[in-house]
Amino acid sequence: MDVFASLNPPQREAVESIDGPVLILAGPGSGKTRVITHRVAYLVKLCGINPYHIMAVTFTNKAAREMEERLNLLVGSSIKDLTLGTFHAICARILRRDGEAVAVDSRFVINDRSDQISLIKRGIQETGFDPKQYVPEAIASAISAAKSHMLDPMEYRETSHSYFEEVVGRVYEHYQQLLKESNSLDFDDLLMKTVQLFRKNPKVLSRYQSRYWHLLVDEFQDTNIVQYELIKLLGSKYRNICVVGDPDQSIYSWRFADLRNILSFEKDYPDTKLVLLEENYRSTKMILETASHIISANQQRKSKDLWTNNDTGEPVAVVETYTEQEEAQFVVSEIERLVDLGEYNHGDCAAMYRTNAQSRALEEAFLRYGTPYKLVVGTRFYERREIKDIVAYLRLMQNPDDAISLFRTINVPQRGIGQQTQAKLSGWAKSINASPYQALHLLANSETKEPTEKPYFNSRTSRILTDYLKMVEDIIARSSELNTVELFDLVIERSGYKEYILSGQDGEERWDNVMELRTVAQDYHYLNPSEGLAAFLDRVTLISDVDGYDESIPAVTLITLHQAKGLEFPVVFIVGMEEGLLPHIRSFDDPAQMEEERRLCYVGITRAKEKVYLVHAFRRNLMGRSMVGQPSRFLSDIPSYQTATSGWWQEEESPLTPSIHSWNKVLVPQPIEMELKVGDHVHHSQFGDGIVVSYQPVNNDAEVVVAFNGAVKKLLLSFACLEKLE
DNA sequence: CGAAAGGCTCTTTTT
DNA sequence: GAGCCTTTCG
């Protein structure tokens, strides 16, 4: 094997610079993935380093799996000793092994986002606040921010300055208590506890430091401070740290990823070797230039010179449709046209959007025309009710103190344990400082206790509770001798879940989902019982969205722009190119967030190899209401010579093809019935009330500048749907 | 005391 | 349009 064949000089340098810190800034399509895999292959094959001494961190499990497959081809099976995975997965493994030193019980379960929200909601209530006044999501986000900056509740409260932060601090403290009681960790804990473990236990740290001679981190622009600290700690012995990233593709700041990590890296490691990968092998010149124009408008950015030897290609198509339905129809009919021409097949095409809600209109159009598509819904499989139910049962077997899972399973199938009973049980458990499981145990087994200490349950309820407890205890008793699949089957059998789910709505489909989960469990049947169960549960919780994405299926990909990072397609449609959607309205008042929206757009366009369509609709249904939107500001950053606003993409008339207009031409010329003058009060459906600041007749239309509350907008009279207020 | 039906709010992106 | 919460009915 020649590890270097077909690497260009900077790629080769990135692969060969194995002594000391390396920062690789890799533009889109610059062969970043190849560099990383070849670097590992180089270390193992040519430098003779045992994969046991290498850690490679990827952004998704899917990326890890792909790297493993490629390395298997390049290096062979010895690669199984490589430490490979996401930060979260790697930390979970470390904590299962060594977490005791920071009071983490090795049987901990991991709470996903929705578990986290429900626990925080309980935290808000039990701290004496009102979850309606303090939105759990907002508190969750603040707590996550604190953890991402490694602040424990005490430290957080020392730094808090507002009343809201005071509330967050109190909830945070109590939330940690709840996590502890239920022996569970949230995503942020996995990272933070691992850092704490290393900081407080030099011996443990030293063991890991000695093990990892080489560290690699992909998607470094999307790491947060804790992750940075983790790498810094792990790498401080050998200092062979290689990080790869692209600041222009940083799109996770809302998850507290911090671009400053790249700056910190060069500061913390002054001897860093910097490698720039600037040759793009993916896209046409037109596409690359269009993307560059869009990203160049960002202020907070180092400019770089991306170039390609690829063909010039076609201009990017900018398309306006009348509604979102027409938008979806355009995407479908255009794909069918390309397929009919024999130029592409369905699997070459992807439709990308800013928000998940946008997938609906697309899906409907694909279904209606029978065009095959695949919707990337990795995590949503695991968010399904039936899946969460079964996972909750299995979590309970690993960790019966897990209150979330206990209350999720206690009345599913319905046993007659309603909210009242659950609240009583929960309250009593809390009052005696026990988990609900322990409380049930006391209830069932200790007749010696004072009767007043126990809550009163009528005989029927008592019996049901005892039966439930007995079922859980029985399964736990047998769990040590059952592999993951056997345990899975036992849970289904003893809980009566099959009959329950089959008798309900969409029973067959839901049962199929349960069986699909079972096939995942089969992957772990060869491990010993406790190890297998833990690994299975970690996997289903730490699953990332794109993990279930299968590129080999010959169908059109429907995907969010965030999920699309790291993928590539010959043909890319970006839909919803409108103000308020891309850029999203929530970024309007924050320039930094606006720049991130722009990067998101950049990520989308640079996924394309040959064709890009930027599509926007004149009106769109948002929350039931039909709204009129303006074309995205990003469209105006593309020089007109690089866009085709009509023509080339629809040489043949297709019966499906909707009427298409260019966004910068008049769409639906309407007679102007309204005369406005400076100073008039007007109403706009999106921006509210405002005052006309200027009025400029243009052809048959007029440009009106209106000062709305907080924003000054330039509008075209015929499209703005302004109402004159008297 | 539990299950089903209607009214309310809020809509970004996700390990 | 959906999920969550509250109310109402059995």
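In what follows, every chain begins at residue 1, and chains take the letters A, B, ... in the order their sequences are listed. Please read these numbers as outputs of a predicted model, since none were measured by experiment.
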Out of [options], which has the shortest distance to the side chain of [X]?
| X | options | result |
| --- | --- | --- |
| A/Thr421 | B/dT13, B/dT15, B/dG2 | B/dG2 |
| A/Arg360 | C/dA2, B/dA3, B/dT13 | C/dA2 |
| A/Lys132 | B/dG2, C/dT6, B/dT13 | C/dT6 |
| A/Arg255 | B/dT15, B/dT13, B/dC1 | B/dT15 |

Any A/Asn356 side-chain N or O less than 4.0 Å from OP1/OP2 of B/dT13: yes
Below 4.0 Å: OP1/OP2 of B/dT14 and any side-chain N or O of A/Thr560: yes
Any donor-acceptor N or O pair under 3.5 Å, side chains A/Gln221, A/Asp246: no
For the pair made of [atom1] in [X] and [atom2] in [N], what is the distance, rounded to whole Å?
| X | N | atom1 | atom2 | answer |
| --- | --- | --- | --- | --- |
| A/Gln422 | B/dC1 | CD | P | 13 Å |
| A/Lys565 | B/dT13 | NZ | C1' | 11 Å |
| A/Tyr382 | B/dT15 | OH | C1' | 15 Å |
| A/His88 | B/dT15 | NE2 | C1' | 4 Å |
| A/Glu383 | C/dC4 | CD | P | 11 Å |
| A/Arg385 | C/dC4 | CZ | P | 12 Å |
| A/Leu191 | B/dT14 | CG | P | 18 Å |
| A/Phe87 | B/dT15 | CZ | C1' | 11 Å |

Distance flag, aromatic centroids of A/Phe220 and A/Phe265, threshold under 6.0 Å: yes
Touch class at under 4.0 angstrom, heavy-atom based, for A/Glu596 against every strand present: nothing
Touch class at under 4.0 angstrom, heavy-atom based, for A/Asn411 against every strand present: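 The answer is sugar-phosphate, as A/Asn411 gets under 4.0 Å only of primed atoms, P, OP1 or OP2.
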Contact nearer the 5' end of DNA chain B, comparing A/Gln420 with A/Asn61: A/Gln420
Closest-nucleotide 5' rank along DNA chain B - winner of A/Ile417 and A/Arg113: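 Nearer the 5' end of the strand: A/Ile417.
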Ionic contact status for A/Arg395 with A/Asp115, cut-off 4.0 Å: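 Salt bridge between A/Asp115 and A/Arg395, a charged N being under 4.0 Å from a carboxylate O: yes.
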Parallel, tilted or perpendicular: rings of A/Tyr156 and A/Tyr172 (30°, 60°): perpendicular
Per-pair stack call A/Trp254 and B/dT13, 5.5 Å, 30°: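 Yes.
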Aromatic A/Phe536 / basic A/Arg539 pairing, under 6.0 angstrom, 45° off normal: no
Residue matched to B/dT13 through Watson-Crick or wobble contacts both under 3.5 angstrom: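 Looking at the geometry, B/dT13 pairs with no nucleotide.
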